[in-house]
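Working notes, beginning with the structure itself.
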Amino acid sequence: MSIYAIGDLHLSFDERIVKPMDIFGARWADHAARVKAAWEETVAQEDTVLIPGDISWGLRLDEAMADFRWIHELPGYKVITKGNHDLWWASINKLNSMYDDITFLQNHCYPVKGTDAVICGTRGWICPGTAGFDEHDRKIYERELLRLKFSLEEAKSMGAGYIIGALHYPPTNDRMQPSGFTELLSRYGARQCVYGHLHGEDAFRNGFQGMMDGVQYRLVSLDYLGCRPLKIY
């Protein structure tokens, strides 16, 4: 059984939502069809796919349902964390009552069936040292740190063997400096962390990739991966 990751699907199948992504360049041309083709080619029914945020352009849950149905029809189990554009995000209990093969992750962790891997995650936020970081940002940053800690604590309490962190925002600032997110992931023994949010060649360079304090970091935004889910386990 394998685990894959791909973030920033930015779907808009509801006819009320008009958000063409190809205006952002060739990397986004026909992106949903390309993701579907690559997903069906690589992901087996028993595999798990981690989707760290920015799932749907829907503003309300009913406007995102067509996008969830599309994800549901793809092979494998899906684990979704929140992104900055996921304004449809509702009660976590309500979200997790919708599909047996989709888990929305918030404050908890997700043991991956058939493996020793456990997924821990939260949305994240911009990190201290980012230009313009202010007290409002600090409040959100500290709240997101607490949510990640809840998730990691739960994983450790169940004796997790292989912890995978999932954030939507990059875990460092653009100077690649350690943050509360990287400190928590290292302290709890995470083996790797995936994140999205960064789009375009210039932005890709602002995300740390590689090893830091025992944790491997990977950028998995859709356009960075060329619409193909990345095997991470």
Side-chain angles (χ1 to χ4, degrees), residues 2-45 47-90 92 95-96 98-106 110 112 119 121-124 164-170 193-200 203-204 207 218-232:
S2 299
I3 302 173
Y4 294 83
I6 184 168
D8 305 271
L9 299 184
H10 286 294
L11 301 172
S12 55
F13 284 108
D14 190 293
E15 62 184 10
R16 294 169 291 182
I17 305 299
V18 181
K19 283 284 187 177
M21 292 298 293
D22 54 5
I23 63 172
F24 298 109
R27 287 178 179 269
W28 290 96
D30 205 19
H31 76 286
R34 290 162 58 204
V35 168
K36 184 175 189 292
W39 189 310
E40 292 179 337
E41 179 183 309
T42 58
V43 178
Q45 197 60 48
D47 293 337
T48 296
V49 182
L50 175 52
I51 312 173
D54 280 6
I55 314 303
S56 170
W57 281 114
L59 299 178
R60 303 187 308 269
L61 186 57
D62 65 292
E63 295 174 337
M65 289 306 298
D67 301 328
F68 298 144
R69 285 192 293 271
W70 183 86
I71 293 170
H72 164 65
E73 291 169 1
L74 294 170
Y77 301 95
K78 301 89 179 178
V79 181
I80 291 175
T81 58
K82 187 178 183 180
N84 60 301
H85 288 298
D86 291 323
L87 303 180
W88 47 265
W89 194 276
I92 197 67
L95 292 174
N96 281 325
M98 296 193 303
Y99 295 102
D100 290 340
D101 63 341
I102 302 177
T103 295
F104 296 84
L105 200 61
Q106 182 173 286
Y110 178 85
V112 180
I119 296 170
T122 190
R123 178 185 60 180
I164 299 172
L167 299 171
H168 177 64
Y169 282 86
C193 176
V194 299
Y195 64 93
H197 188 65
L198 301 179
H199 304 301
F204 295 156
R218 302 172 186 260
L219 172 61
V220 297
S221 55
L222 181 148
D223 51 330
Y224 181 76
L225 296 182
C227 296
R228 178 171 292 275
L230 173 71
K231 184 185 286 189
I232 61 171

> When you look at L167 and T122, which way does the side-chain contact (heavy atoms from CB on, under 4.5 Å) test go after all the steps?
Replying inline: CA-CA 5 Å; L167 299 171; T122 190; 3.7 Å; yes

> Would E40 and L74 satisfy side-chain contact (heavy atoms from CB on, under 4.5 Å), going step by step from the backbone distance to the final call?
Replying inline: CA-CA 7 Å; E40 292 179 337; L74 294 170; 4.2 Å; yes

> Below 4.0 angstrom, N of the basic side chain to O of the carboxylate: do R228 and E41 qualify?
Replying inline: yes

> Among L59, D67, L95, whose side chain to side chain contact (heavy atoms under 4.5 Å, CB included) with W88 holds?
Replying inline: L95

Are side-chain heavy atoms of [X] and [Y] found at a separation under 4.5 Å?
X	Y	answer
I119	V112	yes
L11	I71	yes
V35	I6	yes
W89	I55	no
V220	P52	yes
T81	Y195	no
L50	L105	no
N84	Y169	yes

Mark yes or no for whether [X], through its side chain, and [Y], through its backbone, hold a donor-acceptor pair below 3.5 Å.
X	Y	result
N96	T103	no
R34	R27	yes
K231	S2	no
W39	P229	no

> Among all residues two or more places apart in sequence or in another chain, which pass the side-chain contact (heavy atoms from CB on, under 4.5 Å) test with Y99?
Replying inline: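 Y99: side-chain contact (heavy atoms from CB on, under 4.5 Å) contacts with M65, F68, R69, H72, D101, I102.
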
Find the distance between [atom1] ([X]) and [atom2] ([Y]) and round it off to the nearest 0.5 Å.
X	Y	atom1	atom2	answer
L61	M98	CG	CE	5.5 Å
K36	L9	NZ	CG	14.0 Å
M21	W57	CE	CH2	6.0 Å
C227	L222	SG	CG	4.0 Å
I3	D47	CD1	CG	9.0 Å
T48	I164	OG1	CD1	9.0 Å

For the residue pair [X] and [Y], what are the closest heavy atoms and their distance?
X	Y	result
S221	F204	OG-CE2, 3.9 Å
S12	I17	CB-CG2, 3.7 Å
T42	A38	OG1-O, 2.9 Å
L225	A5	CD1-O, 3.5 Å

>> Does anything in residues 11-20 form a salt bridge (charged side-chain N to carboxylate O under 4.0 Å, His left out)? List the pairs, not counting sequence neighbours.
In response: D14-R16, R16-D62

>> Consider ring pair (Phe, Tyr, Trp, His ring centres under 6.0 Å). Of H199, H168, H10, H197, which one does H85 pass it with?
In response: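 When ring pair (Phe, Tyr, Trp, His ring centres under 6.0 Å) is applied between H85 and each of H199, H168, H10, H197, only H10 qualifies.
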
